[in-house]
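One structure is given below, encoded as structure tokens.
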There are 2 protein chains.
Amino acid sequence: MKKKTTIYDIAKELNITVSTVSRALSGFPAISDATRQLVVETAKRLNYSPNKLASALKSGKTFIVGVIVPSVEAHFFASIIHSIEEGLKDSGYRIILYQSKESLVNEVNGVRTLLEAQVDGIMASMSLETDDVSHFEEIIAQNKPLVLFDRVNKQLRVPTITLNDYQAGYMATQYLIDQGYKNIAFITTVHQIKIFNDRLKGYKDAIRDNKLPFSEDNIILGGLSIKDGRYGAAKLLRSENRPDAIVAGDDFTALGVIKKLKEIDETPPKIGVIGFANEAFSAYITPSLSTVDQHPGEMGKACAEMFLQMAGQLNPYDSIRNIVLEPTIVERQSTGNTDAKD
Amino acid sequence: MKKKTTIYDIAKELNITVSTVSRALSGFPAISDATRQLVVETAKRLNYSPNKLASALKSGKTFIVGVIVPSVEAHFFASIIHSIEEGLKDSGYRIILYQSKESLVNEVNGVRTLLEAQVDGIMASMSLETDDVSHFEEIIAQNKPLVLFDRVNKQLRVPTITLNDYQAGYMATQYLIDQGYKNIAFITTVHQIKIFNDRLKGYKDAIRDNKLPFSEDNIILGGLSIKDGRYGAAKLLRSENRPDAIVAGDDFTALGVIKKLKEIDETPPKIGVIGFANEAFSAYITPSLSTVDQHPGEMGKACAEMFLQMAGQLNPYDSIRNIVLEPTIVERQSTGNTDAKD
DNA sequence: ATGAAAGCGCTAACAC
DNA sequence: GTGTTAGCGCTTTCAT
């Protein structure tokens, strides 16, 4: 491997100094056009490639932002990452990805790793296990932008981009009621994550506002997965006060519910089912799954904008904004929408 | 923001020199246990966090490997990334992700960006547009490990991890023939990507080996997407020599095909359909989609191992191995498997 | 077992 | 408009 060309090589070649080269290359104004031209040409000729590491070490800016998500395998997060990249690319920032795999330990390591890599800021959506948030404090202490999205925590005084999850829970429930269902169950996670609690609260309020009877038996606390959906549905169906509709914590869980219902010939919309997230498969299963769209595209875009704004000011935490996006119901066959298109 | 602690602060605190601190922290053997202990303690007390940038600049190793994929939104690639991370984590390497979005320009930029970030190596799966591969040469020129997976190119003398795509095409076709289908069509991309050409070749050979008539009309060249699937199916159905089964270039395309077939009441397995990739939704649509499993988990694992092996030797390109994984047919309802479980 | 010192490639005062 | 120079935080060779 031949040694890589540095600005010193270019300087030597042209009998000028490195500062001139550096300035010419970085668009410094007070440089004669002739010199700049020459430098750029020579750089190209020598196949020069800047060492961003050295630049970052000196300037203190890496132009890399760390993104922590539970998993890229969930379409919702993949979508967000996609739009974060989109929103960031014009500004020269790049992303380094870290997956927590829903584990607090991994998340803590992720923050440390990213900080050691000297990222300019971090965007994160917390793992289901995350009860303690002190690992995030260090980012704030370093005065680097931290933007939390979707799965956030109110103990942290940082900007957040979230869905109106209370509204999402309320809307999903109200929508089922509007469709004529009267005894609505709710499957969610045991974990004390704000968004899931909010949704549950929305559900409860919708039940109450519509003067429907509320029963604790209608609330299933467990995990969120296809298996958990099956299991939750089975449990609800054994109940003497059998529900006629189910709100599932996410689309995977809803899928499990549908599987179970089909097996016992209660195929939705006989028993109504609605999920959350509008996953890639939700439109394509049979019956197609009604769901609450959480607008990952907008969320990612908002994250990027928020970060750029924070990165632009001396003190990123001067004015903390909490952006709340409104959810949308996607009406499909699992709640009786017969002309659902795909 | 208070200044961050460096090894100088630790050295000053203990009245020793930075070299000792550095050695103590990096597990250098010839250090007294007492000193090491003291250093570690002080580091902790002062809330020291190593600056990996500085370390990387000096040592020439960033312990970051760049991964370029068309998109994380495809479950196949998300899976691969997941297992690459898994395979790499014990070695201390981390991933920086770059999405080409199926664009050659983006891919070229990706390579440059990653190289400027001084990654220790790159793993890539090429975009559909990639016809010229010279941007990858630079990685090899720098003697850094380049591992190509899935969508590879034979012009590049680098290690590859691929599926036996010829076999995949052959198996899918043979499987349809075994199921009793006799006039089998094939929808694929116009792009001259090796894996798609190989599959097509497998398809043709299977047709020939089974002494079935071959017709150019049965081959649809277009894009790969739900829309392209619908379109391709529509075109095939208008043909006077209407096929009774369709091999679709990927599961999304197959989904489009199924949509179309359902509309005209030729719901699979009436006309058989098989896809490639075993996407997240494939098991859950109706009818469930038979597909060729490409084993992303194994592929990612192999990528990680290959990279680590290359990174471990002085000349990474001493012995170039090309690993070929064997595909597996997943039999579901779209080809007549009635007891397909979910 | 520890210290001294050079330098990785680049930036940015400060000079002129 | 260009040169000089001092680091950014760390590793590592060469001493001792």
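Predicted model, so just to flag it, every value in this text is computed and none were measured. We name chains A, B, ... by the order of the sequence lines, and we start the count at 1 in each one.
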Starting at atom CD1 of A:Ile7, determine the distance to atom P of C:dG9, rounded to an integer number of angstrom. 10 Å
Does A:Glu305 form a side chain to side chain donor-acceptor pair (under 3.5 Å) with A:Gln309? I'd like the steps, not just the answer. CA-CA 6 Å; A:Glu305 283 167 8; A:Gln309 193 208 307; over 6 Å; no
Mind checking whether A:Tyr93 and A:Phe307 have parallel, tilted or perpendicular rings, split at 30° and 60°? perpendicular
Side chain of A:Arg23, heavy atoms from C-beta onward: which of D:dG9, C:dT11, D:dT2 has the nearest atom to it? D:dT2
Between C:dG9 atom P and A:Lys61 atom NZ, what is the distance in whole Å? 24 Å
Measure the distance from CG on B:Asp33 to C1' on C:dA1 and round it to the nearest whole Å. 12 Å
For D:dT11, does either OP1 or OP2 sit under 4.0 Å from a side-chain N or O belonging to B:Ser22? yes
Atom-to-atom span, CG of A:Leu57 to P of D:dC10 - whole angstrom: 9 Å
Taking only side-chain nitrogens and oxygens of B:Ser32, does any of them come within less than 4.0 Å of OP1 or OP2 of C:dT2? yes
Going by atom type alone, with no hydrogens or angles, which donor-acceptor pairs under 3.5 Å involve a side-chain atom of residues 80-89 of chain B and a protein atom two or more places apart or on another chain?
unit_1  : atom_1 : unit_2   : atom_2 : d
B:His82 : ND1    : A:Glu73  : OE2    : 2.8
B:Ser83 : OG     : B:Ser79  : O      : 3.4
B:Ser83 : OG     : B:Ile80  : O      : 3.1
B:Ser83 : OG     : B:Gly297 : O      : 3.1
B:Glu85 : OE1    : A:Gln99  : NE2    : 3.3
B:Glu86 : OE1    : A:Lys101 : NZ     : 3.1
B:Glu86 : OE2    : B:Lys89  : NZ     : 3.1

Atom OH of A:Tyr8 and atom P of C:dA6 are separated, to the nearest Å, by 15 Å
Starting from P on D:dG9, measure out to CD1 on B:Ile10 and report it in whole angstrom. 13 Å
When you measure from the side-chain N and O atoms of B:Thr35 to the phosphate of C:dT2, is any distance below 4.0 Å, counting only OP1 and OP2? yes
B:Leu53 CG to C:dC8 C1': how many Å, rounded? 12 Å
Could you tell me whether B:Lys154 atom NZ has more than 12 heavy atoms of other residues or ligands within 6.0 Å of it? no
Any A:Thr17 side-chain N or O less than 4.0 Å from OP1/OP2 of D:dG3: yes
Under 4.0 Å between a side-chain N/O of B:Ser59 and OP1 or OP2 of D:dT11, yes or no? no
In whole Å, what is the span from the CD atom of B:Gln37 to the P atom of C:dA1? 16 Å
Would one find a side-chain N or O of B:Ser19 under 4.0 angstrom from OP1 or OP2 of C:dG3? no
Indicate, yes or no, whether a donor-acceptor pair under 3.5 Å links the base of D:dG7 to the side chain of A:Lys58. yes
Residue mapping more 5' on DNA chain C - nearest nucleotide basis, B:Ala54 or B:Val18: B:Val18
Check: D:dT11 base within 3.5 Å donor-acceptor of B:Ser26 side chain: no
Would you say the base of D:dG1 and the side-chain of A:Arg36 have a donor-acceptor pair closer than 3.5 Å? no
Side chains of A:Asn106 and A:Ser100: donor-acceptor distance under 3.5 Å anywhere? no
